[in-house]
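As structure tokens, the structure follows; a few thoughts come after it.
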Amino acid sequence: MPKPKIFVTRSIPKPGLDRLEEVFEVHINASDKAIERNALLEAVQDVDALLCLLTDSIDKELIDAAGRLKCVSNFAVGYNNVDVAYASAKNIVVCNTPGVLTESTADLAWALLMACARRVVEADHYLRDGLFTGWEPLLFLGNDVFGKTLGIIGMGRIGQAVARRAEGFGMKILWHGPRPERDDLPAAYQWTDLQTLCQESDYISIHAPLTSENHHLLGEKELAWMKASAILINTARGPIVDELALIKALQNREIAAAGLDVFEQEPAVPQALMDLPNVVLLPHIGSASIETRNKMALMAAENAIAVIQGKEPPARLN
Ligand code: DGY
């Protein structure tokens with residue numbers, strides 16, 4: 001019996017590829033670049049499964065081009081790049097990689113929070129530029145973290161992991177999300193409406209999925225609610241924040257700083273953002289640890305294998 005065929009849109013860590021090889025005839029985008037749209041449309045024509053990235057748009061056109069497709073295995077927890085409803089209508093199972101990247105992403109949110117609070121990147125550049133001439137009482141004064149208030153938008157797995165770390169810093173935790181009644185959260189975590197969270201938090205960290213409801217959830221009005229000393233962290237998805245409004249708020253010092261791992265039009269990052277000293281910018285590396293990417297690769301492989309073998313996959317979305 002010939003093996004089923006899978007197309008992998010870009011090389012992923014070896015443990016995942018090795019596992020796929022056991023079951024599939026594996027075809028991979030040979031270049032180590034995001035695959036061109038036309039090449040992707042052609043590559044999916046005769047495959048049974050697709051292992052794709054958050055940079056691949058799995059929309060109606062693509063699904064229609066893939067007549068044999070039974071599974072879309074997304075190498076990410078976020079799945080705003082996949083038209084899940086249309087896939088469901090075509091009996092295609094869609095899977096993602098939740099859980100395995102929770103702690104790494106929470107770590108990175110904290111790395112950004114600390115870097116912004118204590119102006120780590122700015123100070124590093126200053127030193128490398130040869131400007132450090134000795135200890136100064138007023139050099140790079142930042143903001144304390146211990147004992148401050150952290151507002152978390154989206155209290156799913158990653159939001160909770162960020163909150164757990166905040167407990168070590170003696171922080172008060174406010175959170176906002178669509179389901180205020182939650183018996184799985186410590187009583188000390190306080191749900192608030194978005195306005196209260198913006199007004200009362202010293203640090204705000206976004207951990208919500210990108211949906212049509214929360215596109216530009218934080219715009220001009222919400223940024224204006226924030227304290228002038230507030231620091232905004234986004235490791236979720238860029239379009240949750242109105243990037244132009246954020247740039248304006250940072251330029252006018254309406255908020256103090258932002259730490260961003262995600263952007264509205266990735267990989268494009270507005271020059272105005274790059275020109276600001278009070279931002280830390282990262283190239284979407286929230287889950288980028290060796291261990292986590294290996295686990296994501298294995299999970300994405302197991303998802304595709306289970307679907308093809310008629311079993312329940314580890315993380316099915318539809
Ligand atoms: C995700 O999984 O959604 C991240 O953005 C990449 O790991």
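First listed ligand is number 1; within each ligand, the first listed atom is number 1. For this chain, numbers begin at 1 and follow the sequence in order.
Considering backbone and side-chain N/O atoms, S287 comes within less than 3.5 Å of an N/O atom of ligand 1. For a threshold of 3.5 Å applied to N or O pairs, the pair formed by L54 and ligand 1 contains no separation below that value. At least one N or O atom of H284, backbone or side chain, sits closer than 3.5 Å to an N or O atom of ligand 1.
A donor-acceptor contact under 3.5 angstrom links the side chains of T196 and D193, judged on distance only. Counting only N and O atoms by type, the side chains of H215 and E213 include no donor and acceptor under 3.5 Å apart.
Here is the list of ligand 1 atoms found below 4.0 Å of a heavy atom in L101: 2 (O), 7 (O). For ligand 1, the atoms closer than 4.0 angstrom to any heavy atom of G78 are 1 (C), 2 (O), 3 (O). Distances below 4.0 Å separate heavy atoms of M296 from the following atoms of ligand 1: 7 (O). When each atom of ligand 1 is checked for a heavy atom of R237 under 4.0 Å away, the hits are 1 (C), 3 (O), 4 (C), 5 (O).
No path of Ile, Leu, Val, Met, Phe, Trp and Tyr side chains, each step under 4.5 Å between heavy atoms, connects V93 with V84, placing them in separate hydrophobic clusters.
For atom 2 (O) of ligand 1, the closest non-hydrogen atom of the protein is V77 N, 2.7 Å.
Ring-centre distance between W110 and F169: below the 6.0 Å cut-off.
Taking the six-membered ring for Trp and thresholds of 30 and 60 degrees, Y126 and F140 have ring planes more than 60 degrees apart, a perpendicular arrangement.
Residue-level proximity to ligand 1 for V262 is absent, since no heavy atom of it falls below 4.0 angstrom.
Under the 6.0 Å distance and 45° angle rule, R182 counts as a cation-pi partner of W175.
To the nearest 0.5 angstrom, N278 atom CG is 7.0 Å from E122 atom CD.
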